[in-house]
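Scroll down for the structure; my scribbles are underneath it.
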Amino acid sequence: MDVENENSKQEAAKEKDLIEILKEVLPKNIGFAKAEYEGPDIAVYVSNIEAVYDDESLVKNLSSMIKRKLIIRSDLSKLLDPEKAKEKILELIPKEAEVGNIKFVPDFGEVYIEALKPGLVIGKGGSTLKSIINETKWVPKVLRIPTMNSDVINGVRQLLFKESEFRKKFLTSVGKKISTPIMKTEWLKATALGGFREVGRSSLLLETNHSKILIDCGLVPEPGIKGADANSNGENKAYPYLDSANITINDLDAIIITHAHMDHIGFLPYLFKYGYDGPVYCTPPTRDLMALLLYDYVKLVYRSGGAPLYDEKDIKKMLTHTITREYGEVTNVTDEIKLTYHNAGHIIGSAVVHLHIGEGMYNIVHTGDMKFGYTRLLDPADVKYPRIDALFIESTYGAASDVMPNRQDSEIMLMDNIKRTIDNGGKVLIPLFSVGRSQEIMLVLEAYLSNNPKYKIDAPIYLDGMILEASAIHTAYPEYLKTSLQHRILSNRSPFESEIFEVAKGEKDEVLEKGPSIILASGGMLNGGTSLDYFVEMAEDPKNMLIFVGYNSAGSLGRRIQNGLKELTVPDEEGKLIHKNINMQVVTVEGFSGHSDRKQLVNFTQNIRPGPKKIFTMHGEENKCEDLARILGNRFRVEARAPMDLDSIRLK
Ligand SMILES: [Zn+2]
């Protein structure tokens, strides 16, 4: 048999099927014009779009039948002139919605309406949206204006509008590729490219006989001063081992991102610099936070006199190749691999990845970074999955000794330390990852300072620009936060905008000249970022206090200080080396982590349904990955291992 010929016959048959099936089942009254692939979805253009929106279950039923998300749009020739459409839209939406920009994207037949109160643009049961469609034929997409100004969100939205013609072409080509039928999935292999038995440069390659996808593509976190070519020990282990995998960048079909921390995304723009032009999947908050962190990384490296691995144009290229998905949406990333994101409870938009491979052949759950416990910001990680054959689980706090104190005790310990330092005339520095821990600590401070008279502290709380921007992005996606917090943001009582917080504008000297204060500065492990600048200035005064509330990786300056480092030599602004004694008090308050502690990791594994058949640990120092694998294996009587970077595992 001529295999190639047979394949192409199959292809033709299946391709015809999808569109043909759709055409056959679409009701005649909607006036079908055309259907085309658009990334993982199918866009259908019709001349009578009102009829589609009159039948509420139609799109849902059709989508589940062809197992693809359907996007219904007007036949582009039917669209009302944008000027007239804009007038109509403003007439239809109540003033109280506080509409901002209205942008028409003719390539997609969509109009993006930004509003402070999206609910009022949507109307009861979608009634306002329906009227907009009826009267203009444009399909409205509503975007929330963050309650705090966000340059990053504005920048990302503008970039995507500007590049809409490119986006259309890109999505069409991705869609065609996904929909090209393939032969049966025969085998499945996972290769650890980074972040196994270590923290940093997370990356996992999954291969079948047809597809190659990557989950995450990170750097060693906060690589610090002068570029990112080595970690702080000077060892050259900052990037994932992509070169070892015997693939070229363009062999990759898709990249799936779990969340926006540098150790999961930091290397991604580099792939675009060297020719990757496929899709990057992530949640909407992750896309915006990636922009924030990656632009800042480039800026930081330039400022310290280094050469970044990539520059802004590579980050832009990456952003124009992102395809966002919400939690729970099932998405074909290749013809044989279906992705579903679930809440991971780690930072806003963070996701546990569920992959369904080869028509039920194999199912993987990859936790990314995950919190299965109480935080003020997010709900705990999801535990319900359709099927699980292999679980890849993070192990940051996977050792038996990694048991966090009770959360309330942690909060009181933090507040007591702050109060004592301020009362003694000192300043408090809390170095934080700008995304995640910063917002969690802001919520704690806001709760105690505004509700608990015992902690009335007469000192300003300063935030740096990165933390402020990250908080602003949180206010654009309240639906990703805990319900109580969501309500506060939606009713204009956002804790992130509380008057207790002040922005540290301009120079750090201005902040430090003043009296006692609490400084939240980005750069969680003091390996660069504004936290290091503050630390250098504050280190010699024994009245000051440095409080760690998050993870310090092995070898980071933060870890060395925790281990008793007493002096430090750093370059000043002119690059001259200066010597500083570390006299300030150093305190570590555990319990605020966005990672699960040992008990939570075990509880998560016990609670996930259905239980996994195999477990692989990752994202933890060597002994933690090993220890966690051992306990999970014994406890749940399944095969559990701690693979090393470069290990390949045949899963099927
Ligand atoms: Zn993380």
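Note that the structure is a prediction, hence the values are computed from the model and not measured. Residue numbers count from 1 along this sequence. Just so you know, ligand 1 is whichever comes first in the structure, and atom 1 is the first atom listed for that ligand.
In summary, Lys384 and Asp382 do not engage in a salt bridge, as defined by a charged side-chain N under 4.0 Å from a carboxylate O. Checked for salt-bridge contact, Glu446 and Arg488 meet the test: a charged N lies under 4.0 Å from a carboxylate O.
No donor-acceptor contact under 3.5 angstrom links the side chains of Thr334 and Asp253, judged on distance only.
In summary, Asp263 places no N/O/S atom under 2.8 Å from the Zn ion (ligand 1), failing the contact criterion. With a cut-off of 2.8 Å, the Zn ion (ligand 1) has an N, O or S atom of His346 in range.
Taking the six-membered ring where the residue is Trp, His261 and Phe433 present tilted rings, their angle falling between 30° and 60°.
His259 contributes NE2 as its N, O or S atom closest to the Zn ion (ligand 1).
When OD2 of Asp369 and ND1 of His261 are joined through the Zn ion (ligand 1), the resulting angle is 170° to the nearest 10°.
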